[in-house]
Amino acid sequence: MAVKKTPAEDSEKKIRTRPDWDTYFLDIVELVSRRSTCLRRAVGAALVRDKRILATGYNGAPSKLKHCLEIGCLREKLNVPSGERHELCRGLHAEQNAIIQAAFHGVSASGSTLYCTNHPCVICAKMIINAGVTRIVVSDGYRDELAAQMLKEAGIEVTQL
């Protein structure tokens, strides 16, 4: 006759590791990125302070406007290379949406860490600096050299995992 194991004994067999905090929040922004309506790149972001999420954002058109999923991508139609001519896009970047959501709900981003699926562009870097973000953790490249330079000059630590 087989001996039935308790749930605690059974779980000992299933060895799992808890993710560190940076990995945990990067996993969350990867999920957030699935809400993106951009046809070129799905990006997710979250502002975090004291291990608590303050706001999240993903890239897409402003509220109440048609998304590129519905009407197509102007940048694709004009053959605009990635990282250039950001003004020729209906969408906001994930970092911008996270900062805007925090402001909209009266939550300060000062002293927070920005977790993002991609390295910020120069436009987002300027917003991040002025929002008071002190650290950025990204999971993917898309290096914008001017953005990297400005973030370094502002004393913002950028880590890629």
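Taking 4.5 Å as the limit, some side-chain heavy atom of Ile71 sits within range of a side-chain heavy atom of Arg90. Taking the side chain as every heavy atom from C-beta outward, His93 and His86 approach each other to under 4.5 Å. Val43 has its side chain within reach of Cys116: a pair of non-hydrogen atoms, C-beta onward, lies under 4.5 Å apart. Counting heavy atoms from C-beta outward, Ile99 and Gln96 have side chains that stay 4.5 Å or more apart.
With sequence neighbours excluded, the residues forming a side chain to side chain contact (heavy atoms under 4.5 Å, CB included) with Leu161 are Asp22, Thr23, Leu26, Val137, Thr159, listed by chain and number. Not counting sequence neighbours, the partners of Met150 by the side chain to side chain contact (heavy atoms under 4.5 Å, CB included) test are Val122, Lys126, Ile129, Leu146. Scanning for side-chain hydrogen bond (donor to acceptor under 3.5 Å, both in side chains) contacts around Glu145 gives an empty result, with sequence neighbours left out. Looking at residues two or more places apart in sequence or on another chain, you find a side-chain hydrogen bond (donor to acceptor under 3.5 Å, both in side chains) between Glu76 and Arg40.
Connection of Trp21 to Ile28 is established within a shared hydrophobic cluster, with ILVMFWY side chains joined at heavy-atom distances below 4.5 Å, either directly or through further cluster members. Leu114 and Tyr58 fall into different hydrophobic clusters, where Ile, Leu, Val, Met, Phe, Trp and Tyr side chains are chained together by heavy-atom contacts under 4.5 Å. Put simply, Val158 and Ile123 are part of the same group of oily side chains (I, L, V, M, F, W, Y) that touch within less than 4.5 Å, one to the next. Taking hydrophobic clusters as Ile, Leu, Val, Met, Phe, Trp and Tyr residues chained together by side-chain heavy-atom distances below 4.5 Å, Leu92 does not share a cluster with Val32. Criterion: ILVMFWY side-chain heavy atoms under 4.5 Å apart, direct or through other members. Under it, Tyr24 and Tyr115 are part of a common hydrophobic cluster.
Sorted by first and then second residue, the salt bridge (charged side-chain N to carboxylate O under 4.0 Å, His left out) pairs with a member in residues 113-123 form an empty list; sequence neighbours excluded.
Within a 6.0 Å sphere centred on CD of Glu84, other residues, nucleotides and ligands contribute more than 12 heavy atoms.
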Could you tabulate the donor-acceptor pairs under 3.5 Å formed by side-chain atoms of residues 46-54, not counting sequence neighbours?
| residue | atom | partner | partner atom | Å |
| --- | --- | --- | --- | --- |
| Arg49 | NH1 | Ser108 | O | 2.9 |
| Arg49 | NH1 | Ser110 | O | 2.8 |
| Arg49 | NH2 | Ser108 | O | 3.4 |

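Side-chain N or O atoms of Asn59 include one that pairs as donor or acceptor with a backbone N or O of Arg41 at under 3.5 Å. Checked by atom type and distance alone, the side chain of Glu70 pairs as donor or acceptor with a backbone atom of His67 at under 3.5 Å. Judged by distance alone, the side chain of Arg135 and the main-chain N or O of Ile156 form no donor-acceptor pair under 3.5 Å.
For the residue pair Thr117 and Ser33, the shortest heavy atom distance occurs at CG2-CB, 4.2 Å.
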